[in-house]
There are 2 protein chains.
Amino acid sequence: MLNQRRRFWTGLVLLMGFALDGLAQELVIAERDLQRAEALRDAAISGTRAYDWVERLTTEVGPRLAGSDAERRAREWAINLAVELNLPPARIETFTLPGWRRGEERAQIVGDFAQPLAITALGGSVATPGEGIEAELAYFDTLRQLERMPEGSLAGKIAFVSHAMQKTQDGSSYGYFNDARTRGAAVAASKGAVALLIRSIGTDSHRFPHTGNMRYVEGVAEIPAAAVANPDADQIQRLSQRGKPIRVALYMTPERVDSVESGNVIIDLIGSEFPEEYVVIGAHLDSWDLGTGAIDDGAGVAISMETLRLIHASGLRPRRTIRLILWGAEEVGLVGGKAYLRNYADVLRQHIAATESDFGAGRIWKMTTRVAPEAEPLMAHINNLIEPLGIARGEGDVASAGPDLSPMIAKGMPGFRFVQDGSDYFDLHHTADDTLDKITPSDLDQNVAAFLVFTWLASQSDLDDWGWLDATGD
Amino acid sequence: MLNQRRRFWTGLVLLMGFALDGLAQELVIAERDLQRAEALRDAAISGTRAYDWVERLTTEVGPRLAGSDAERRAREWAINLAVELNLPPARIETFTLPGWRRGEERAQIVGDFAQPLAITALGGSVATPGEGIEAELAYFDTLRQLERMPEGSLAGKIAFVSHAMQKTQDGSSYGYFNDARTRGAAVAASKGAVALLIRSIGTDSHRFPHTGNMRYVEGVAEIPAAAVANPDADQIQRLSQRGKPIRVALYMTPERVDSVESGNVIIDLIGSEFPEEYVVIGAHLDSWDLGTGAIDDGAGVAISMETLRLIHASGLRPRRTIRLILWGAEEVGLVGGKAYLRNYADVLRQHIAATESDFGAGRIWKMTTRVAPEAEPLMAHINNLIEPLGIARGEGDVASAGPDLSPMIAKGMPGFRFVQDGSDYFDLHHTADDTLDKITPSDLDQNVAAFLVFTWLASQSDLDDWGWLDATGD
């Protein structure tokens, strides 16, 4: 089956090669590297140690909020693991950022139908004043409904946005729905509201509120913002349908801290031929504070760390440098990605290909790219080797490459991504329930197999420009 | 299909009638009552209002801990609902009990692998002293292992029992595993432990600790006792396997209150022929404080309330009195059941048949009985009418009738129970996640259909002794 497919693809690639005006196949990738990638893939499918790394990270470190002592412990953990695995030494590139930490938090419906609500502060939210806020709820089905309200119309009220996120396999609904989380407080404050509650940006029906970053807008009052677990949002919705006023008492004490330290952990497998050309893989090391960051993003750390380990352990030496980056402070605004861009601005064009694993622990079902036509023969080789893993080539997709890489993508870097099945990702995302027990080891192995193919072919191929765009107007 | 089955059963019952030495079929149940039961059943299957009642109870009252103000509101809610539904008036039979209420509660692993643990105090537990306890954990796979330890061997330590409850369809594993919850603290204290932590008596893998009642033993130190969510128990287990000491900080502030009030809510549909003979249905009105008591036992309240309503609304008048009891303070030691026994000791023998719905919102799959041979013809009629609902006759089972009825069962009352599918019941049981969204309305309808058959046939049958046992030695 495999061989038959490869013959088909090799033929197609040859045809494409001719179509691409004489680009010879041997310019793309050597046959022995295809064989090596295939062997690495097959070894991974028969079992990797990826699960061990996420087991250790979640057990020995656990929650690791950006800028916290636990995130520092996670960096040390990575350094020690590199030593234990005889990898080249890991280095830390530190940076600072404004800190934030959660305090106490509670809310309840008061009055005739009194009962507690399961809530959690959104990341970056201010505290409630004094003994907390007790106010009437103003109910909105969507953020857009709230936006249409006249200025001042919510004076003294708590705005509640009930819009329920829907499941998608590729996670594409996240951007659409989490607008309420990121912008909701500023919109509500501009209408006079004293606080914002939102239905959790999550697709489960458990009493876990989903945290996540939010932003204030300069010139608009900073009001406390929290997410309500889905069953509790249902409760508010049912009371709202009864047509009676709903009063809510909200108390939360998160704190901002002026400046905290975080960092990216970097391990380079130095290239034998082009040591200053980089193929980047990675995941973010920080997590939200409620769970232990197993699927977000311990799984990604495990997948990319194991990819590096298996290439290193195979004794193969890559032509280009394979760079593993465990990004710091992703959750609070891609701070690690932005720091990397500052540090490596001069050599950005030497980043040949990059991808990140940051969408849970599910199997990869799709590969998406944003590359130049010249890169297509290599993409076809990658596709050829991973399609036996059940991975289809996305049609007409633009790869995001991964959140931490987005500052580089914005500078014109070509995009490549393996899309995991995220149907259940937002059941757990940013909740206390993001823990190790949700991960199936063999699913991680499939991810590692695909990463090995990408990483090895990208590092060995003759192709040194996958389609960098000119960063104009910047 | 139905008619065919009935003909078969009618024949069988006739045969059994002869076998039972001339017990004539007409002595058991009139044909028109079989037809009425069938019609009630079919109407229920096409849709009932049961879901509405649990929607209201969970939305308008929510958590209703035994002896709390919320439990009092639940009794008022039931009184008002009876008025709204034009049922005969409901009455409250109050009683008092020692009170208990939850306070703050938190725990964390301290030291190298510091991280928080999701815990909750067991019902009835004392608080931790002062600023809390910090101590080394002594790990035990099972309660039996802990029991084998020498006296004093756990001095200064926190005992942890890791025994993981397994799923069963009929819930029979609950009694086996929850020994650690009810007796664990006394056993641990007798070995010198300063606190007890147990893996939650629950079958889910979410970060919800499961509360539930525990008991101290006179003459043994009263130490704080809490349950750890399953993923956190896994965490402790993994750390334990690493062979390093585990230190835990535990802080909880539950309080005992001398005496609080609770009560049973009773509604009687007075019998036309035998008003002082009782057919009892019901469920418990109280719940644990963490969730909103949807499956435990709002569902049972809804099922039994709707059964009564549908009989009343049909215009039929039962021969015997149909008594709906919404039991108070079940969770903290079957206090409502015991109070009922005290109040009705003189007329206990007039309780012809009784059952309770207290095993969630799943479909009934089995009917179990503990009745005399003389009752078999009637059991066959009930079975005949409910088997189209997918309900089998249990073989060799002894019915428990329901927890609140157990004091009466202990006095010799015959047993009858519909067993619901509880495969997932202990995923939610006694957690914050026991909320309305977990209930499927049509499953409640199936329960109501079966309850209607039991209730109507029991109230109409000529059989007035299902097999009372002599309460000897009591």
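Chain identifiers are assigned alphabetically (A, B, ...) following the order of the sequence lines, protein sequences preceding nucleic acid strands; residue numbering begins at 1 within each chain.
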By a 4.5 Å heavy-atom criterion (distance strictly below it), what part of B:Asp232 contacts chain A: side chain, backbone, both, or neither?
neither
Is it the backbone or the side chain of B:Leu290 that comes under 4.5 Å from a heavy atom of chain A, or both, or neither?
backbone
Under 4.5 Å from any heavy atom of chain A - which part of B:Leu436:
side chain
Mark yes when over 12 heavy atoms from residues, nucleotides or ligands other than B:Arg101 sit less than 6.0 Å from its CZ; otherwise mark no.
no
Over 12 foreign heavy atoms within 6.0 Å of NZ, B:Lys167
yes
Exceeds 12 heavy-atom contacts within 6.0 angstrom, atom CD of A:Glu84
yes
From OG1 (A:Thr435) to NE2 (B:His206), nearest 0.5 Å:
9.0 Å
Quick one: sort the B:Phe208 and A:Phe208 rings into parallel, tilted or perpendicular, breaks at 30° and 60°.
parallel
Among B:Gln115, B:Arg207, B:Arg73, which has the most heavy-atom pairs under 4.5 Å with chain A?
B:Arg207
Side chain / backbone / both / neither for A:Asp289 at chain B, heavy atoms under 4.5 Å:
neither
Using non-hydrogen atoms and a 4.5 Å limit, figure out which bit of B:Asp234 sits close to chain A: side chain, backbone, both or neither.
side chain
Can you check whether anything in residues 52-70 of chain A gets within less than 4.5 Å of chain B, heavy-atom wise, and list it by number?
A:Glu55, A:Arg56, A:Thr58, A:Thr59, A:Glu60, A:Val61, A:Gly62, A:Pro63
Heavy-atom contact with chain A under 4.5 Å, split by part of B:Ser205
both
Hey, which of A:Pro116, A:Pro231, A:Ala229, A:Ala118 has the most heavy atom pairs under 4.5 Å with chain B?
A:Pro231
